[in-house]
Number of protein chains: 2
Amino acid sequence: MSTKAEENYLKTIFKLSEKEKNSVSTNSIAEELETKPSSVSDMLKKLSEKELINYVKYQGVSLTPLGHRLAVHVIRKHRLWEVFLVSHLNFKWDEVHDIAEQLEHIKSKALVNRLDAFLNFPSYDPHGDPIPNEKGSFPKSTAIPLNLLKVKTKGKVVTVERDEPSFLNYLDKIQVSIGTHIEIVDVNDFDHSIDVKIDGTPIHISLEVAQNILICVL
Amino acid sequence: MSTKAEENYLKTIFKLSEKEKNSVSTNSIAEELETKPSSVSDMLKKLSEKELINYVKYQGVSLTPLGHRLAVHVIRKHRLWEVFLVSHLNFKWDEVHDIAEQLEHIKSKALVNRLDAFLNFPSYDPHGDPIPNEKGSFPKSTAIPLNLLKVKTKGKVVTVERDEPSFLNYLDKIQVSIGTHIEIVDVNDFDHSIDVKIDGTPIHISLEVAQNILICVL
DNA sequence: ATTATAATTTAGATACATCTAAATTTATAT
DNA sequence: ATATAAATTTAGATGTATCTAAATTATAAT
């Protein structure tokens, strides 16, 4: 049986694995979890003994198939609860993260699967992140970051890659949410900012923001 | 901020306070929590330092107003989640206890109150136990144990006082659930068992069982 | 290639929650 | 009233998860 702390480490390693291709470093885990590298070392030893990660001292870690399964299951729970909080309890998408961080550690296979069914087997959470199914496979997605699209391209928002309230509030302010239609009007080669039309309204968006908005081209 | 363990102790002390009038003993807490008296002593010291209980060595404990408030709040969460699990996720009433034991420790005032509203402010959980409101007050109830009723009395089940699956399964078998109509047909002075009619069907019930079924007389 | 710097790990502490075994206090019985 | 039994507490360990400070290993710079 896995503890909350173990699950948080696995989730973090999973998340960082997407960026740090092969192996995830101790320091990046510490930074992400806002803890000290020495604490991370301790925990990596433990996860390794439980065969949840591949760990060679001083050389970073990767998830074993078992660790991967567990991480994906925790992510599944997190995202399903977020859907529930937004769609049934009327939370806003920037309010649900902390609560879901707690709910994701509730242990009951039946609960997760019944919640999934109750929510009609959603494929994406309120931030547009894909929700793995019971077997752990993610829905296929062809989303592209907004900053990579060419002028005149039209598409709709399927995901955002950050979940800080400051970011989500900004999106609310410029009226961007999951499903919003966006058209690229102009690209500024100097600072890579872009001009877009959101539901007809012209808006200027920085590279920083555009990188974190994923679009499905129409 | 209170830990899970602290909350479980407070809940247990609250529960035992109903039976052991003034003060609750170390041993009864240990038995209820399936732990050792020495562990209980340790925790009582801590709860006392946090001013959640009144504790005089060797003389048992009682909840302070603060401890009482916290205990009631945990109970509120437990019972609201049980309602959710049964009414929206189709769990049976004997399946929800362990899951609610976990959910009751989720910390978010907003979550509890929105869940409460989503469930339409229920007054009783699936076992018939009263649910305190946000301010901590319980709905008034005039329920009486089935074994105390006189012959020919009619009433309906409002609560059961045990939640072991063995007990709940037995109730399912004899078709007793919250709201079931029961009429007292005869009382056996020898073993205090009773004959009742449940929706017209005659059933024989032991004292042990009758004591744990609470009735609202009609 | 050697040194300096950065990353990582180990050693030793602390806090929480639990345990066993021993000591202490309270209650009970004669 | 005193001995015995029962209840309770203390002392000392253990396991989890964290920390600081020191040691070690890897990486970068000259």
Side-chain angles (χ1 to χ4, degrees), chain A residues 1-13 16-17 19-63 67 70-71 74 101-102 104-107, chain B residues 1-13 16-17 19-63 67 70-71 74 101-102 104-107:
Chain A
M1 196 81 305
S2 52
T3 67
K4 222 167 175 173
E6 286 167 5
E7 290 181 355
N8 285 332
Y9 272 87
L10 293 175
K11 211 178 46 161
T12 298
I13 295 167
L16 294 174
S17 293
K19 300 180 181 177
E20 299 176 36
K21 9 212 122 205
N22 292 316
S23 105
V24 175
S25 75
T26 300
N27 268 7
S28 60
I29 296 171
E31 195 183 345
E32 182 76 21
L33 286 173
E34 297 181 65
T35 182
K36 303 291 165 184
S38 57
S39 307
V40 175
S41 273
D42 288 344
M43 181 58 95
L44 294 184
K45 203 186 289 174
K46 206 176 125 202
L47 292 174
S48 175
E49 274 159 17
K50 288 195 167 191
E51 308 199 53
L52 293 165
I53 59 173
N54 305 115
Y55 176 43
V56 182
K57 269 194 214 169
Y58 295 100
Q59 321 222 86
V61 298
S62 62
L63 294 173
L70 228 163
V74 174
E101 285 287 301
Q102 299 178 63
E104 73 188 6
H105 300 296
I106 302 290
K107 286 179 171 50
Chain B
M1 197 80 309
S2 52
T3 68
K4 225 168 174 167
E6 287 168 4
E7 291 182 353
N8 284 333
Y9 272 87
L10 293 175
K11 211 178 45 161
T12 299
I13 295 167
L16 294 174
S17 294
K19 299 180 180 177
E20 299 175 37
K21 7 211 121 205
N22 292 317
S23 106
V24 176
S25 75
T26 300
N27 269 8
S28 59
I29 297 171
E31 196 184 342
E32 183 76 20
L33 286 173
E34 298 180 63
T35 183
K36 304 291 165 186
S38 57
S39 307
V40 175
S41 274
D42 288 343
M43 183 56 97
L44 293 185
K45 201 184 293 173
K46 207 176 124 201
L47 292 175
S48 175
E49 275 159 17
K50 288 194 168 190
E51 306 199 53
L52 294 164
I53 60 172
N54 305 114
Y55 176 41
V56 183
K57 270 193 212 172
Y58 295 102
Q59 319 221 80
V61 298
S62 62
L63 294 172
L70 228 163
V74 175
E101 286 287 300
Q102 299 179 61
E104 74 189 5
H105 301 295
I106 303 290
K107 286 177 171 52

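So that the names make sense, note that chain A is the first sequence line, chain B the second, and so on, each numbered from 1.
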Any [X] side-chain N or O less than 4.0 Å from OP1/OP2 of [N]:
| X | N | result |
| --- | --- | --- |
| A:K57 | C:dT10 | yes |
| B:K36 | D:dT8 | no |
| B:Y55 | D:dT9 | yes |
| A:Y58 | D:dA23 | no |
| A:S39 | D:dC19 | yes |
| B:S41 | D:dT9 | yes |
| A:N27 | C:dA6 | no |

I need the [atom1]-[atom2] distance between [X] and [N], as an integer number of Å.
| X | N | atom1 | atom2 | value |
| --- | --- | --- | --- | --- |
| A:L33 | D:dC19 | CG | P | 10 Å |
| A:L47 | C:dT9 | CG | P | 13 Å |
| B:K45 | C:dT18 | NZ | C1' | 14 Å |
| B:D42 | D:dG12 | CG | C1' | 11 Å |
| B:M1 | C:dC16 | CE | C1' | 16 Å |
| A:E6 | D:dT16 | CD | P | 8 Å |
| B:E34 | C:dT18 | CD | C1' | 15 Å |
| A:Q59 | D:dA26 | CD | C1' | 9 Å |

* Asked: To the side chain of B:A5, which of C:dT18, C:dC16, C:dT8 is closest?
  -> C:dT18
* Structure fact -> Looking only at C:dT18, D:dT16, C:dT10, the nucleotide nearest the B:T35 side chain is C:dT18
* **Test applied, side-chain hydrogen bond (donor to acceptor under 3.5 Å, both in side chains); reference residue, A:S2; option that passes from A:H105, A:E7, A:K50** => A:E7
* Counting distance only, does the side-chain N/O of A:S41 pair as donor-acceptor with the main-chain N or O of A:T26 below 3.5 Å? -> no
* Between CG on residue A:N8 and CE on residue A:M43, distance to nearest 0.5 Å -> 8.5 Å
* To do: To the nearest 0.5 angstrom, please state how far the CD1 atom of A:I29 sits from the CD atom of A:E31.
  => 11.5 Å
* State whether the distance check finds a donor on one side and an acceptor on the other, under 3.5 Å, for side chain B:S38 versus base C:dT20. => yes
* To do: Using the side chain to side chain contact (heavy atoms under 4.5 Å, CB included) rule, take B:L33 and B:Y9 through it: C-alpha gap first, then chi angles, then the decisive distance, then the call.
  => CA-CA 8 Å; B:L33 286 173; B:Y9 272 87; 3.6 Å; yes
